[in-house]
Amino acid sequence: MMVGKRQPNASGRTGPRAVPLYVFQPPVGTPYGLEVATIEDFFGQHDDWPWNPPYPGRATFHYLILVTEGGLRHDVDHVTRSVTRGQWLWVRPGHAQCWHPPGTARGPFILFEPDVLTPGTARLLAPLTSHEAPAVLTPHPDDAVWLEQTALQLLDEHRALGRRPLELHHALRRSLLESLLLRLANAPGVAPADPTADTGRAATYGRFRDALELHFRDVHRAADYAELLGCSVRTLSRAARDATGNGVRELIDERRLLEARRLLGVARWDARAVAAHLGFTDPANFGRFFRDRTGVTPATFAAREAATDR
């Protein structure tokens with residue numbers, strides 16, 4: 001499987017800033033940006049990982065896992081998710097994730113890059129692939145069996161490399177993946193697609209959200225995101241306001257603040273480590289940033305969250 005090994009720092013421990021970004025690197029001979037395996041195969045191939053403690057990482061691609069037996073625990077954006085039989089775990093590009101020690105879980109494990117989807121299907125799936133969509137999905141009861149069967153068919157086709165012409169093999173894999181995702185979009189908690197949205201601006205905003213999720217730690221200006229996307233700041237600003245009612249800078253700050261809350265609260269990082277992680281050169285600047293938006297200092301927020309968890 002393409003997932004690289006997590007590497008600790010020279011001291012043998014991973015510090016707060018060591019959250020590596022993994023790119024898609026399928027095994028030799030695997031075509032295009034889609035790979036399918038099983039949870040049990042993944043754990044079997046990575047039994048030398050330092051599960052205790054595990055190390056966090058991020059990826060530029062989607063992780064999609066169906067639990068057909070047992071249970072799975074997995075951290076997504078510093079929150080531990082419990083996934084039971086029949087549920088799907090979805091880790092989207094840019095989200096911080098951390099594996100727990102191997103358990104009893106079994107089931108299909110799908111990895112795919114965003115551009116595997118055809119443009120029309122990607123538009124329909126925007127609410128499901130959105131970074132705000134649920135990390136754990138419970139399918140509609142009418143869809144559950146069909147989804148499991150389709151996932152297993154996708155696994156079978158992925159393993160059939162060499163039985164058919166390569167282009168046909170990939171077309172079948174992509175067709176099965178898109179069918180699965182379109183049906184999964186019916187799961188409770190997934191917002192329906194907005195048919196009235198300006199498709200051009202919606203696409204620009206979607207690309208901005210993807211870029212923001214990958215780069216909010218070190219890219220903080222609207223002009224830099226516009227350059228990444230190949231559009232003007234005005235175009236990006238209009239797309240952001242159409243989609244959210246907020247400006248680009250506000251959305252960047254919201255994402256940094258969300259990460260700060262997660263790290264100070266759930267992950268129990270100290271303010272200095274959070275400041276460095278989010279690209280603040282001075283912890284005092286981070287303190288002002290946090291206090292101006294929450295009304296409390298990072299230390300007060302962290303203490304309050306710790307007291308709540310007791």
Side-chain angles (χ1 to χ4, degrees), residues 1-27 30 33-65 67 72-83 88-103 105 107 109-114 116 129-136 209-219 255-256 258-270 273-279:
M1 184 168 283
M2 51 60 55
V3 185
K5 301 294 179 73
R6 303 184 180 96
Q7 296 294 332
N9 61 21
S11 68
R13 300 177 60 188
T14 294
R17 298 180 65 183
V19 183
L21 180 66
Y22 301 123
V23 297
F24 196 86
Q25 295 177 331
T30 302
L34 170 62
E35 186 184 355
V36 191
T38 65
I39 304 170
E40 53 270 31
D41 287 344
F42 172 79
F43 283 135
Q45 293 165 7
H46 298 84
D47 59 358
D48 59 331
W49 276 17
W51 298 107
N52 187 23
Y55 297 110
R58 297 181 295 133
T60 61
F61 49 90
H62 295 272
Y63 281 65
L64 184 61
I65 300 172
V67 175
L72 179 71
R73 297 180 74 237
H74 196 86
D75 290 358
V76 181
D77 276 345
H78 314 289
V79 177
T80 299
R81 322 285 176 152
S82 295
V83 191
W88 295 75
L89 173 72
W90 194 321
V91 183
R92 294 163 179 88
H95 285 192
Q97 63 169 315
C98 192
W99 291 89
H100 283 247
F109 186 170
I110 304 166
L111 308 171
F112 65 97
E113 293 187 289
V116 165
T129 57
S130 163
H131 299 288
E132 293 79 21
V136 178
R209 291 298 305 184
D210 290 343
L212 178 62
E213 200 62 33
L214 292 175
H215 302 295
F216 70 86
R217 297 160 185 82
D218 46 26
V219 179
R255 186 60 185 91
R256 298 174 85 193
L258 174 61
E259 187 80 352
R261 287 175 179 271
R262 288 169 171 166
L263 295 176
L264 289 167
V266 178
R268 306 290 174 84
W269 288 20
D270 63 46
V274 175
H277 178 72
L278 294 178

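Checked by atom type, the side-chain pair R262/H78 shows no donor-acceptor distance below 3.5 Å.
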For this session: Please report the C-alpha distance between H100 and T80 in whole Å, then the side-chain angles of each, then the deciding distance to 0.1 Å, and finally whether the side chain to side chain contact (heavy atoms under 4.5 Å, CB included) criterion is met.
Result: CA-CA 9 Å; H100 283 247; T80 299; 3.7 Å; yes
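Between R209 and R92 the shortest side-chain heavy-atom distance does not fall below 4.5 Å. At a threshold of 4.5 Å between non-hydrogen side-chain atoms, the residues I110 and L34 count as touching. Side-chain contact between T129 and W90 is present, with heavy atoms from C-beta onward closer than 4.5 Å. Inter-residue side-chain proximity for V67 and L89 is flagged as unmet; no heavy-atom pair is nearer than 4.5 Å. Side-chain atoms of F216 and L278, non-hydrogen and from C-beta on, do get closer than 4.5 Å to each other. Counting only heavy atoms from C-beta outward, the side chains of Y63 and F109 approach each other to under 4.5 Å.
The two atoms that bring G279 and R256 nearest to each other are C-NH2, 4.2 Å, heavy atoms only. The two residues H95 and V76 make their nearest non-hydrogen contact at ND1-CG1, 4.0 Å. Nearest heavy-atom pair across R58 and E213 is NH1-O, 3.9 Å. The shortest heavy-atom contact between F43 and L72 is CZ-CD1, 4.2 Å. Of all non-hydrogen atoms in G57 and Y22, the two that sit nearest each other are CA-CE1, 4.2 Å.
Of the residues listed (V91, V83, I65), the one engaging H74 in a side-chain contact (heavy atoms from CB on, under 4.5 Å) is V91, and it is the only one.
Distance CZ/R255 to NE2/H131: 8.5 Å, rounded to 0.5 Å. In this structure, H215 NE2 and D210 CG are separated by 10.0 Å, a value rounded to the nearest 0.5 Å.
The backbone N or O of A96 lies less than 3.5 Å from a partner atom in the side chain of D77, making a donor-acceptor pair.
With sequence neighbours left out, W88 forms a ring-ring contact (aromatic ring centres under 6.0 Å, His included) with no residue at all.
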